[in-house]
There are 2 protein chains.
Amino acid sequence: MASDSTDLRVLKTRAAIQSHFLDLLLQKNFNEITVKDIASAAKIGRGTFYLHYEDKYDLLETVMEEGLAETVDKFRPHEYFVDDKVIPERVVGFALTIFQHFKKHDRFFRAMLFNEGIPMFRHRMQSLFLTKFRTEIQPLQVPSEKADPLILEILPIFISSAMIGLVSWWFENQMRISEREMAEKLFLIMTRGPLRALGLGFPDERK
Amino acid sequence: MASDSTDLRVLKTRAAIQSHFLDLLLQKNFNEITVKDIASAAKIGRGTFYLHYEDKYDLLETVMEEGLAETVDKFRPHEYFVDDKVIPERVVGFALTIFQHFKKHDRFFRAMLFNEGIPMFRHRMQSLFLTKFRTEIQPLQVPSEKADPLILEILPIFISSAMIGLVSWWFENQMRISEREMAEKLFLIMTRGPLRALGLGFPDERK
DNA sequence: ATAATTAATGAACACAGTGTTCAATAGCAT
DNA sequence: ATGCTATTGAACACTGTGTTCATTAATTAT
């Protein structure tokens with residue numbers, strides 16, 4: 001199982017397996033996909049499959065991690081805050097990059113996000129987002145007395161979860177909203193706050 | 001498969017199956033659990049299992065839906081807004097109810113949320129939260145020109161996803177934070193907005 | 001308490017999928 | 001052209017599934 005072969009046969013077989021595997025994932029539940037299914041879709045012998053992957057879980061993980069690794073690249077650090085002031089263009093810019101990346105890798109994310117039977121994917125993706133927001137938010141060490149340590153801990157969770165949900169919804173709706181619009185609304189919610197973004201008021205403040 | 005039997009034998013077997021099934025879920029991946037495992041854990045014949053459930057997926061669904069049905073009950077409508085003004089105590093009160101409910105049904109939620117291999121659960125739960133927030137937010141029809149229809153659509157998604165993530169995190173951390181504290185921080189983020197809750201400022205506003 | 005009813009048992013069955021082996025064949029690299 | 005190695009396909013033992021059936025046991029109704 002030399003995972004770095006350059007043999008054309010190997011490359012062909014692997015590409016065939018992975019591509020038809022994605023097809024199958026778009027058609028039916030991962031649990032219901034058998035190695036036999038994959039092999040016959042890729043037009044290879046069933047035994048050949050085992051020459052490349054331990055089992056279908058191994059294949060899933062490989063495909064998944066490769067796709068996620070590429071996604072992580074979009075997560076390069078930016079300077080979103082300067083002197084504890086948010087720079088709107090940069091925040092919107094980052095959100096934009098994310099939405100564009102998802103759109104570009106449509107097939108992959110569709111297969112992974114919406115196949116009931118792939119439990120780990122959202123988890124893995126969320127933990128990627130989480131890491132991103134943690135390294136972004138934690139070191140802020142907001143100077144003022146306002147910075148509540150618990151909020152500092154909760155916030156990355158809150159934001160990363162919300163992001164996953166938002167992206168999934170966007171996908172489910174055939175991405176009919178433009179990336180830019182999504183990024184802008186997201187920024188609005190993030191800065192004004194969910195409730196205020198709606199135009200709601202609070203009793204304890206002057207109009 | 002009379003699902004409303006009162007026969008003691010039936011009740012006992014079902015209780016045994018469901019309880020040991022939860023145990024197993026807390027121990028290992030749903031995919032790796034066999035009907036044989038469940039039967040022998042519950043100390044019944046394997047055939048008996050099939051007298052009550054079609055297969056392990058049927059069992060999972062039954063257990064899941066029963067637990068979720070109970071959760072939904074906590075979702076009774078409250079009047080969170082009066083004249084587009086948020087009533088803080090009520091919002092915090094609702095959040096509190098949720099966290100308390102989760103704590104009470106510890107075993108169930110642990111098994112369901114953290115078993116890699118139960119894909120549907122978070123989905124189902126999220127759609128429950130989503131329905132809740134939709135029926136809560138959509139009819140608001142905020143009068144002012146501020147109410148952006150897209151925000152109105154996005155917001156329930158955003159909030160429900162964030163809630164699921166938050167609750168899961170809370171569980172993962174053995175619920176070391178009190179329900180009240182969680183509810184209060186949540187309220188803070190919701191009203192002030194994620195970024196402002198941290199104490200961050202924006203360039204386009206006076207200090 | 002007894003009879004009638006219904007659930008549980010356990011062994012057997014055919015079936016589908018898994019993961020491995022092996023000799024034969026085909027394709028690639030040099 | 002030759003040596004290397006990937007693929008093939010058939011066979012194998014194995015594990016789990018879902019069903020059946022006669023037997024036994026527990027529960028309910030009278």
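Below, chain A is the first sequence line, B the second, and so on; all start at residue 1. Computed from a predicted model, the values in this text were never measured in an experiment.
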*Indicate whether OP1 or OP2 belonging to dA6(D) is found under 4.0 Å from a side-chain N or O atom of His52(A).*
no

*Between Lys12(B) and dT27(D), is there a side-chain N or O to OP1/OP2 distance below 4.0 Å?*
yes

In whole Å, I'd like the distance from the [atom1] atom of [X] to the [atom2] atom of [N].
| X | N | atom1 | atom2 | result |
| --- | --- | --- | --- | --- |
| Phe49(A) | dG9(D) | CZ | P | 17 Å |
| Ile38(B) | dG16(D) | CD1 | C1' | 12 Å |
| Leu11(B) | dT28(D) | CG | C1' | 13 Å |
| Ile17(A) | dT7(D) | CD1 | C1' | 11 Å |
| Arg14(B) | dA8(C) | CZ | P | 8 Å |
| Asp7(A) | dC28(C) | CG | C1' | 6 Å |

Table please: side-chain donor-acceptor pairs of residues 93-102 of chain B below 3.5 Å, with sequence neighbours left out.
from	atom 1	to	atom 2	distance (Å)
Thr97(B)	OG1	Gly93(B)	O	2.8
His101(B)	NE2	Thr71(B)	OG1	3.0

_Suppose we call two aromatic rings close when their centres sit under 6.0 Å apart. Are Tyr57(B) and Phe30(B) close by that rule?_
yes

*Closer to the 5' end of DNA chain D via nearest nucleotide, is it Thr48(A) or Thr6(B)?*
Thr48(A)

*asked:* Distance alone, cut at 3.5 Å: any donor-acceptor contact between the side chains of Arg14(B) and Ser5(B)?
replied: no

*Looking at side-chain heavy atoms only, is the closest gap between Glu70(B) and Phe108(B) below 4.5 Å?*
no

_Annotated protein contacts, base or backbone, on nucleotides 11-24 of chain C with a non-hydrogen cut-off under 4.0 Å, one of B, S, - each_ = -B----SBBB----

*Assess whether one donor atom and one acceptor atom, taken from the side chain of Arg9(B) and the base of dA26(D), lie less than 3.5 Å apart.*
yes

*For Ile33(B) and Lys28(B), work out which heavy atoms get closest and say how close.*
CD1-O, 3.7 Å

*Should we say atom CD of Glu61(B) is surrounded by more than 12 heavy atoms from elsewhere, each under 6.0 Å from it?*
no

